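First the structure, in the form of structure tokens, and then the observations on it.
Keep in mind the model is a prediction, meaning the values are calculated, not measured.
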Amino acid sequence: QGICRNVKTEEKQLQSKGGIRATLFVYAVVGIDAMVFASNAVSLVTYFNGYMNLSLTKSANAVTNFMGTAFLLSLFGAFITDTYFSRFKTSVLFGILPVLGYALLAVQAHLSQLRPFPCKDVPLSQKNRCESADSGQLAILYGGVYLIAFGNGGVKAPLVSLGADQFDEKNPKEAANLSSYFNWLLFFITIGAMLGVIFLVWIGDSKGWDWSFGVCSVALGLGILLLTMGKQFYRYNAPKGSPLTRISQVLVAAFRNRNLPLPQNKEDLHEIRSGEPENGMEVLQRTDQLKFLDRAAIPRTNQEASTSNAHGPWSLCTISQVEETKIVIRMLPIILSTIFMNTCMAQLQTFTIQQCITMNRKIGNFVIPASSIPVIPQLFQLILIPVYDRIFVPTVRKYTGIPSGIRQLQRIGAGLVLSAVSMAVAAVVESRRKSVAVEHSMVDSASPLPMSVFWIVYQYIILSAAEIFTLVGLLDFFHAESTSGMKSLGLAISWSSLAFGYFTSAVFVSIINKLSGGWLANNNLNRDKLDYFYWSLAGVSVLNFGFYLLCASWYKYKKQVQDQENHI
């Protein structure tokens, strides 16, 4: 009776934790992080170029590398939280680093002896004072920037996983809430990004960079404090050891057993037979794909065991461990097929701002700043996300019976289609913009064209919908398909798609420019062939979608021992 009473007490305590209440703390911290990150993503080029006297090319590359590194380092944060620390501890530990990074940049921006004399708007008589930043000043600059990138990357996967841990995937009601969690996660990211682009950018322009960096540091510090305030409400997922080690063991064991024949009866393959899964890991059903990895689970005979370490973790693995490795391998083509969409988004956002500078940005007597143009897709996302989550998903769920309405791979595919459509619409709008310049003899004029900037809205609406489908679909997919011991790693893999999108964007522009003979080489959009560039993006996007269809058709959803087989 005492044991039963203790079990009931533990169940009651578990039920009192987690849920929507716990995720509110995560939403708030994610929003603060997005506010700070987005504001610096659009303004750091100005600081590097105008205040630290780096060239425009070096400044642009520094910002691109900073953003790409931040997303790519989410893999390291995922490894730490899956292997050593809880999601909460990892989020707090890495969250401290950006606070220190922005504080370091604030001190440098405030103390003139720590930076060169700024060249921005310097009169011609004082141009001789525009010296380059010395090695010590650059060390402080890049030290602060990469403290921020390291901390921001380390927080991304564990923080999102911490929020997802608050819902039980095996509970039908909580499974539906888990799908909504990723939708509303993007909603709060969007709100934070909007606040950053509007208010933090304004602080930097009007009050100074020391104020801007200082506010960023304080805001992130308050975010960590807010995260710790929700500690009593969280459900915690203890680390289960390094997933990279388990994957390596499977690969090594499969290679060692490469000459052993696969048993005809799959029951002869090694698996934990006790009622409790090993180390809290779920027991997975064997799949017929990647059969060569099954050799890692072949037990050796007594004669073979006497001549080798046949039962060590590097010679014999469980079928669940083998299936975990298969899941990761099956995920890789999916993530590869989504990188190009993020490359397109990076190019579209960059060139769209340049297009807007040439267009009529007036609303009455107010002129919309070109740097505030990214607010437009964010506004549409704020409208589309509730519509998707509260209208589309419940309606479709009635017919499919799937908690998320449609399967994650279907959702990602829909986003890729919309991405290709947005590129085509962007090409049509650019053709129209250039024709207006020709009609009014303004090809070489710096004056705004008699064409409203709101023509850009069409491509932004489609692009916003594409991001809702693909980005959220990726997060949901990689979290759902990852085993309990690699949830953070799965989410980090989805973030890495953004990282490689940033890294490959400049490469793609260079390749197209070289192959085309200079479509974008005139530094004058009215003479450049940006519309051709957009059409090439649309064409490659269609080919990329075909590749994605092959990858999605080949993918098999994760199956636990009690699950029925699922199909895409």
When rounded to the nearest 0.5 Å, the distance separating CD of Glu324 from CZ of Arg246 is 4.0 Å
What one should report as the nearest heavy-atom pair of Thr90 and Gly77 is CG2-O, 4.0 Å
- If the plane angle is over 60° it's perpendicular, under 30° parallel, otherwise tilted; pick one for Phe88 and Tyr236. perpendicular
Measure from the side-chain N and O atoms of Arg411 to the backbone N and O of Ile468, and report whether any donor-acceptor pair falls under 3.5 Å.
yes
Heavy atoms of Tyr548 and Ile412 approach each other most closely as OH-CB, 3.4 Å
Measure from the side-chain N and O atoms of Thr83 to the backbone N and O of Ile80, and report whether any donor-acceptor pair falls under 3.5 Å.
no
Review point. Do we see a donor-acceptor contact under 3.5 Å between the side chains of Thr343 and Thr504?
Key: yes
Practice problem: Keeping the roles fixed (side chain from Thr358, backbone from Gln355), state whether a donor-acceptor pair exists under 3.5 Å. | Solution: yes
Taking the side chain as everything from C-beta on, heavy atoms only, tell me whether Phe187 gets closer than 4.5 Å to Tyr27.
no
Residue pairs meeting side-chain hydrogen bond (donor to acceptor under 3.5 Å, both in side chains), one or both in residues 193-203, sequence neighbours left out, come to none
**Asked** Under 3.5 Å, side chain of Ser497 to main-chain N/O of Ser494, donor-acceptor pair present?
**Response** no
Check: Is Ser180 reaching over with its side chain to a backbone N or O of Asn177, donor-acceptor style, under 3.5 angstrom?
Finding: no
query: In terms of the angle between their ring planes, are Phe167 and Tyr181 parallel, tilted or perpendicular, with boundaries placed at 30° and 60°?
result: tilted
Using the rule given for ring-ring contact (aromatic ring centres under 6.0 Å, His included), can you reason through Phe25 versus Phe233, listing the C-alpha separation, both sets of side-chain angles and the distance that settles it, and then say yes or no?
CA-CA 9 Å; Phe25 295 93; Phe233 302 112; 5.8 Å; yes
Looking only at heavy atoms, the pair that brings Gln459 and Ala426 closest together is OE1-CA, 3.4 Å
- Message: Tell me whether Ser482 contacts the main-chain N or O of Phe478 through its side chain, where contact means a donor paired with an acceptor under 3.5 Å.
- Response: yes
Intermediate values then yes/no, ring-ring contact (aromatic ring centres under 6.0 Å, His included), Tyr388 and Phe469
CA-CA 9 Å; Tyr388 181 88; Phe469 276 94; 5.3 Å; yes
ring-ring contact (aromatic ring centres under 6.0 Å, His included) between Phe71 and Phe37, intermediate numbers included
CA-CA 11 Å; Phe71 284 109; Phe37 190 77; 5.8 Å; yes
- Whether Ser212 side chain and Trp209 backbone form a donor-acceptor pair below 3.5 Å: no
Quiz item: Side chains of Leu491 and Phe182: does their closest heavy-atom pair fall under 4.5 Å?
Solution: yes
So, Gln166 side chain and Arg235 main chain: donor-acceptor pair closer than 3.5 Å or not?
yes
- Check whether any side-chain N or O of Arg361 sits under 3.5 Å from a backbone N or O of Val453 as a donor-acceptor pair, and report yes or no. no
With a cut-off of 3.5 Å and sequence neighbours excluded, list every side-chain donor-acceptor pair involving residues 93-112.
from   : atom 1 : to     : atom 2 : distance (Å)
Tyr102 : OH     : Asn40  : ND2    : 3.1
Gln108 : NE2    : Leu114 : O      : 3.0
Gln108 : NE2    : Gln137 : O      : 2.9
His110 : ND1    : Asp210 : OD2    : 2.9

### Query
Just wondering, more than 12 heavy atoms not from Trp455 lying within 6.0 Å of its CH2?
no
Cut-off 3.5 Å, no hydrogens considered: what does the side-chain donor-acceptor table look like for residues 139-152, sequence neighbours left out?
from   : atom 1 : to     : atom 2 : distance (Å)
Asn152 : OD1    : Lys156 : NZ     : 3.1
Asn152 : ND2    : Asp33  : OD1    : 2.9
Asn152 : ND2    : Asp33  : OD2    : 3.4

What one should report as the nearest heavy-atom pair of Ala193 and Gln378 is CB-NE2, 3.5 Å
Scanning both residues in full, the closest heavy-atom pair of Cys216 with Leu200 reads SG-CD1, 4.0 Å
**Q.** Flag if over 12 foreign heavy atoms under 6.0 Å of CG, Leu332
**A.** yes
Scanning both residues in full, the closest heavy-atom pair of Ala22 with Tyr234 reads O-CE2, 3.6 Å
Between the NE2 atom in His479 and the CD1 atom in Ile493, the distance rounded to the nearest 0.5 Å is 13.5 Å
Practice prompt. Report yes if some heavy atom in the side chain of Phe500 is under 4.5 Å from a heavy atom in the side chain of Ile335; otherwise report no.
Written response: no
Margin query: With a 4.0 Å cut-off on N to O distance, would you call Arg115 and Asp134 a salt bridge?
Written below: no
